[in-house]
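Nothing fancy with the numbering, it's 1 onward along the sequence. Computed from a predicted model, the values in this text were never measured in an experiment.
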Amino acid sequence: MMDRFEIEGQEVLDGTAKPSGNSAHVIVPKRWRGADVKVVRVSEPDSNE
């Protein structure tokens, strides 16, 4: 079951968390540099990674 979140903001992007060392990262536009952002996971992680 998924939780519902309501977030006010300026822009929304869809993306995929990619492997990065012992972690994962999501790439956002360079113009977002220095901005406060929130990331919400909307699916279960792929167990193959």
### Summary
Correct closest heavy-atom pair for His25 and Ser20 would be ND1-CB, 3.1 Å
### Message
Go through it in stages, so that I can follow the logic: the residues are Leu13 and Val26, the test is side chain to side chain contact (heavy atoms under 4.5 Å, CB included), and I'd like the CA-CA distance, side-chain angles, deciding distance and then a yes or no.
### Response
CA-CA 10 Å; Leu13 295 177; Val26 177; over 6 Å; no
### Message
With heavy-atom distances below 4.5 Å as the criterion, would you say the side chains of Ile7 and Val40 are in contact?
### Response
yes
### Task
Let me see the working for Arg41 and Met2 under side chain to side chain contact (heavy atoms under 4.5 Å, CB included), right down to the final yes or no.
CA-CA 10 Å; Arg41 183 171 55 85; Met2 294 182 80; over 6 Å; no
### Query
Does Ile27 share a hydrophobic cluster with Val39, counting links as ILVMFWY side-chain heavy atoms below 4.5 Å and allowing steps through other members?
no
### Query
Yes or no on side chain to side chain contact (heavy atoms under 4.5 Å, CB included) for Trp32 and Glu11, after CA distance, side-chain angles and deciding distance?
CA-CA 10 Å; Trp32 285 23; Glu11 240 178 310; 3.1 Å; yes
